[in-house]
There are 2 protein chains.
Amino acid sequence: MNAKRYCMDMKKPIYQQIKEELQAYIEGLAANTPIPGERELAARFHVSRMTLRKAVAQLEQEGYLYREMNRGTFVADKKLRKQANIVPSLEADHCYRYKVLYFDIKERSESDVQYNLEIAFDEYILRVVRLVLNENIPVCIEEIYCARKNISDEQLGNLNAFLNMDQYTQKGSIRQTFLPMMIPTQYASLLHLKINTPIIRVDSLIHKKDGRPFIYIKSYNHPEMKRIEITI
Amino acid sequence: MNAKRYCMDMKKPIYQQIKEELQAYIEGLAANTPIPGERELAARFHVSRMTLRKAVAQLEQEGYLYREMNRGTFVADKKLRKQANIVPSLEADHCYRYKVLYFDIKERSESDVQYNLEIAFDEYILRVVRLVLNENIPVCIEEIYCARKNISDEQLGNLNAFLNMDQYTQKGSIRQTFLPMMIPTQYASLLHLKINTPIIRVDSLIHKKDGRPFIYIKSYNHPEMKRIEITI
DNA sequence: CAGTGGTCTAGACCACTTG
DNA sequence: AAGTGGTCTAGACCACTGA
């Protein structure tokens, strides 16, 4: 956290750069350590207080810092950092391997898929089923559905790129539903589970910003290998 | 969305008032309707653009609006509004009824409770078990744990006030874990469930801002009556 | 009392889209 | 060329805390 000049924009907003520097600075500090006041930090970084505040506000929202009115800003406990570790494909830094079990394009699909994707019952649907592995250990099985009309021929040619969900999560909204059930018999052995094992299926519906549903994912999670956890 | 003056502060920040007015204004509009530009809105409300932006930014974050770079700001589809409808006690506007099944203060508790609340194995623990009802239909059973030392005698006297979780969620952090399991036999009939019904237990750990764990809740959810759903 | 975070202003420039 | 959202500045006042 030294006094560096920020004239050399690298196309990145100043508050982003400051945010990253603060984040690195915080990393080494014990929880509940106070950090310097906003005026002092602004001076050190040679920016206005409003810009500095934007960086701090984001770090606060992500659970790196917390503020106390009229007292100061403090380093937050690491375990309080916000995260939503729910579905492998939708995790920020997923280091998973995927093994496509099969994929097809078919007319007619299950009614819940039609309902969620808001399509007529005679529309073509892309379906991909894949096993998700973490260091060769199966963590879940994902069934991915998308209306054919919403996929360009080019995207269909490069299915791996299409199935990288990062690109959608940023510029859209996701609704997730959690359903308790027995592991479906056809998936039990793939996940190394006995039949009648209770699992959680997470249904994720990715919307475009205008509200049109785009991709629907049913994720059958291994109860031990895939811990579902969020910090808010 | 008329041009009202904002001199009469009612202790509420201007951006809050504007946010509420915009929210009301939006309510009647169809999804994807563009709203006026920031400069025009700022003029209408007689505030600076930065203040106006703060109101809009919050509405965007909550899923009421979305912005498109260099294009404009639009009304978001209602179904994209952010929500985390997970545990009854922690829901924003819970209209549930609670029926305490029993409560006690005991030495020694289950090891997972000790672990999560970070207490020694000989510390006294308050435990409350209650049935949660939505219009007389049972939706879940909550086991609530809190270290006795963290509860004042006064709070203990007014248990209902203490168990109102609103007060903690604002000024703290919550970690929630989702566990698939069979309904515990002792709870099956209370929730009107057959034994061997798969359910989701949601474990919520409420922390103070300094990272100290405070309250631990195990919520056994009725799979049909309590739908677990989040929109992010 | 000095210092804190919270709010607010009235400007400014930028990159970009759209007619 | 006009309009958009995104960023940034250099001030200001407020209510509150804590020594």
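In the text below, chain A, chain B and the rest are named by the order of the sequence lines, each starting its count at 1.
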From CA spacing to verdict: side-chain hydrogen bond (donor to acceptor under 3.5 Å, both in side chains), Glu142(A), Ser219(A): CA-CA 4 Å; Glu142(A) 293 179 341; Ser219(A) 177; 4.7 Å; no
Set out, in order, the CA-CA distance, both residues' side-chain angles and the distance that settles side-chain contact (heavy atoms from CB on, under 4.5 Å) for Tyr168(A) and Leu90(A), then state yes or no. CA-CA 9 Å; Tyr168(A) 315 122; Leu90(A) 301 175; over 6 Å; no
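Between Ile14(B) atom CD1 and dT9(C) atom C1' the separation is 10 Å, expressed in whole Å. dT9(C) atom P lies 14 Å from atom CD of Glu38(B), rounded to whole Å. When the C1' atom of dA10(C) is taken as reference, atom NE2 of His46(B) falls 15 Å away, rounded to whole Å. Atom C1' of nucleotide dG3(C) and atom CG of Asn70(A) are separated by 10 Å, given to the nearest angstrom. Taking atom CD on Glu40(B) and atom P on dT4(D), their separation rounds to 7 Å, with Å as the unit. Computed from coordinates, the Met69(B) CE to dT18(C) P distance equals 13 Å when rounded to whole Å. Computed from coordinates, the Lys11(A) NZ to dC14(C) P distance equals 11 Å when rounded to whole Å. Going from atom CE of Met50(A) over to atom P of dT9(D) covers 11 Å, rounded to whole Å.
Checking the phosphate oxygens (OP1, OP2) of dG6(C), a side-chain nitrogen or oxygen of Arg53(A) falls inside 4.0 Å. Look at Ser48(A) and you won't find any side-chain N or O under 4.0 angstrom from OP1 or OP2 of dG11(D). In this structure, Thr51(B) reaches the dT9(C) phosphate: one of its side-chain N or O atoms is under 4.0 Å from OP1 or OP2. Residue Tyr15(B) places no side-chain N or O under 4.0 Å from the OP1 or OP2 atom of dC8(C). The side chain of Lys54(B) places an N or O atom within less than 4.0 Å of a non-bridging phosphate oxygen (OP1 or OP2) of dT7(C).
Taking the charged nitrogens against the carboxylate oxygens, Glu143(A) and Arg201(A) have no contact shorter than 4.0 Å, which rules out a salt bridge.
Taking both residues in full, the closest heavy atoms of Phe178(A) and Glu229(B) are given as CD1-N, 4.5 Å, listed atom of the first, atom of the second, then distance.
Of the residues near DNA chain D, Arg39(A) and Gln16(A), the one whose nearest nucleotide (by heavy atom distance) lies more toward the 5' end is Gln16(A). In terms of position along DNA chain D, the nucleotide closest to Leu52(A) lies nearer the 5' end than the nucleotide closest to the other residue of the pair Arg71(A) and Leu52(A).
For the pair Lys209(A) and Tyr66(B), the cation-pi criterion (under 6.0 Å, within 45° of the ring axis) is not fulfilled.
Side chain of Pro13(B), nearest nucleotide from dT7(C), dG6(C), dT9(C): dT7(C). Ranking dA15(D), dG6(D), dT7(D) by closeness to the Arg67(B) side chain, first place goes to dG6(D).
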